[in-house]
Every structure is written in C-alpha cells, then in structure tokens.
Amino acid sequence: MNLPNLITFSRLLGIPFILYLLQDPTPEKRWICVTIFIIAASTDWLDGYLARKLNQITDLGKFLDPLVDKLLVLAPLLALIDLQQVPAWGVFLILTRELAIAGWRVNPNQKTIQGANLWGKLKTISQIIAISLLIAPISQSWNTIALIAFWFSVILTIVSGLIYVLPEADKISSSTEKSTSAS
C-alpha cells in the first residue's frame, strides 16, 4: 500500500470519534467534531495530490478514495438524523446514490475503475460544507443556511450520480451489443 492510499485509509480513523462525540453533543464536542471532520476531509485533497505528484495512482486508490469519502460523509449524517437536524429521507437519497455509484464502479463490464469526475468532487465539497455547518454549534439564524447547504448537497449528489452513470451506461450498452452481435 502506497502513501496516498495510507492517507486515504487514515481518513477512517476520525469517524468513530465523530460518532461518539455526537451522541452527547455539547458545543465543545461539536467544535471538536467539526475540527476532526474538516481535517479528515482535507486529507482527500492531500492523498489525491500526492498520488498525482508521486505518480502513484492505483486502481485501489480510485476505489478506496470515494468509498472512504462516502463513509466519512454518511457517518455524521446518520448522527445528524438521530439529532433530528436532517430528515432521514434526504440522507437516504445520498446513501442511494453513493451505493449505486460504488456498485457501478465495480461493474465487471468495465475494464478499469473510473475515478471521480468534476461533478463528484463538487458533490463531495458541498457535502463537507453542509455537514460542517450542521455539526457546528452555530446560532439559530445560521440553521436555515445549514439546511439550504444540506439540500443543495442532496441535489448535487443526485445530479452528479446521473452525470456519472448515463454516459457510462451508453458505453457498456454499446460494448454488450457488439459482443452479442459478434457471437
């Protein structure tokens, strides 16, 4: 396992602390959670940068990086459902997209694992912003902004999933048709 993949894997270490601290979310614990979350999320940029700079881009990294991102995003969202800050159905939409794309990435008809596209990266950034705002012990006047950020991330999550899947579906369909007609 190379350095970028180790950094990706290290992102998982913050999740148990975030979940534990959000069980009894005092303002101090919330700030600790926001700090842990932002540090963990920032390693996403670091591992990608190092993978490109050190020429260590691997299929494992292309698979592991978005999977760890999903866990880092979904864990605090589940805690926020429990705290009744976000509706479960909004998180369900995010979870559905994330599982569908994860399954799509390991489709046996694909020769290589495709990394995240620009829309996937924008989706991740919007989720990080929304979750940070929702976890932070901010004043009531900011709650509306935090919820708008959450719903914007839900919409961007769905849009990015469609953008990811639709062109790939055409490619797989075309290659399946070619192999069927060749037989």
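Just so you know, these numbers use all the heavy atoms, side chains as well, and skip hydrogens, waters and symmetry mates. Note that the numbering runs from 1 along the sequence shown for the chain. Predicted model, so just to flag it, every value in this text is computed and none were measured.
- Between Leu21 atom CG and Arg30 atom CZ the span is 11.0 Å, to the nearest 0.5 Å.
- Hydrophobic clustering of Ile, Leu, Val, Met, Phe, Trp and Tyr side chains at less than 4.5 Å, counting indirect connections, keeps Leu134 apart from Ile138.
- Of the N and O atoms on the side chains of Asp44 and Thr124, not one donor lies less than 3.5 Å from an acceptor on the other residue.
- A donor-acceptor pair under 3.5 Å is absent between the side-chain atoms of Arg11 and the main chain of Ser42, judged by distance alone.
- Leu72 CG to Ile18 CD1: the interatomic distance, rounded to the nearest 0.5 Å, is 6.0 Å.
- A single hydrophobic cluster is seen to contain both Tyr20 and Ile135, as judged by linkage of ILVMFWY side chains at heavy-atom distances under 4.5 Å, directly or through other members.
- In this structure, CD1 on Ile38 lies 9.5 Å from CD1 on Ile129, to the nearest 0.5 angstrom.
- Ala75 approaches Leu19 most closely through the heavy-atom pair O-CD2, 3.2 Å.
- Without hydrogens or angle criteria, Arg52 side chain to Gly48 main chain gives a donor-acceptor distance under 3.5 Å.
- If you take CG on Asp24 and CG on Leu83, they are separated by 10.0 Å, rounding to the nearest 0.5 Å.
- Ser160 OG to Leu122 CG: the interatomic distance, rounded to the nearest 0.5 Å, is 8.5 Å.
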Name the atoms and distances for all side-chain donor-acceptor pairs under 3.5 Å in residues 145-159, with sequence neighbours left out.
{"unit_1": "Ser153", "atom_1": "OG", "unit_2": "Phe150", "atom_2": "O", "d": "2.6"}
{"unit_1": "Thr157", "atom_1": "OG1", "unit_2": "Gln127", "atom_2": "NE2", "d": "2.9"}
{"unit_1": "Thr157", "atom_1": "OG1", "unit_2": "Ser153", "atom_2": "O", "d": "2.5"}

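- Residue Leu95 is grouped with residue Leu22 when hydrophobic side chains (ILVMFWY) are merged at heavy-atom distances under 4.5 angstrom, including chains of intermediate members.
- Criterion: ILVMFWY side-chain heavy atoms under 4.5 Å apart, direct or through other members. Under it, Leu77 and Leu71 are part of a common hydrophobic cluster.
- Hydrophobic clustering (side-chain heavy atoms under 4.5 Å, transitive across Ile, Leu, Val, Met, Phe, Trp, Tyr) keeps Leu133 apart from Ile36.
- In this structure, Gln56 and Leu50 have side chains that are not in contact, with every pair of non-hydrogen atoms separated by 4.5 Å or more.
- For the atom pair Trp119 CH2 and Leu162 CG, the distance stands at 11.0 Å (nearest 0.5 Å).
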Derivation of the side-chain contact (heavy atoms from CB on, under 4.5 Å) call for Thr43 and Thr8: CA-CA 7 Å; Thr43 65; Thr8 297; over 6 Å; no
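- Tested against Asp65 for a side-chain contact (heavy atoms from CB on, under 4.5 Å), the candidates Asp47, Asn5, Ile7 yield a single pass: Asp47.
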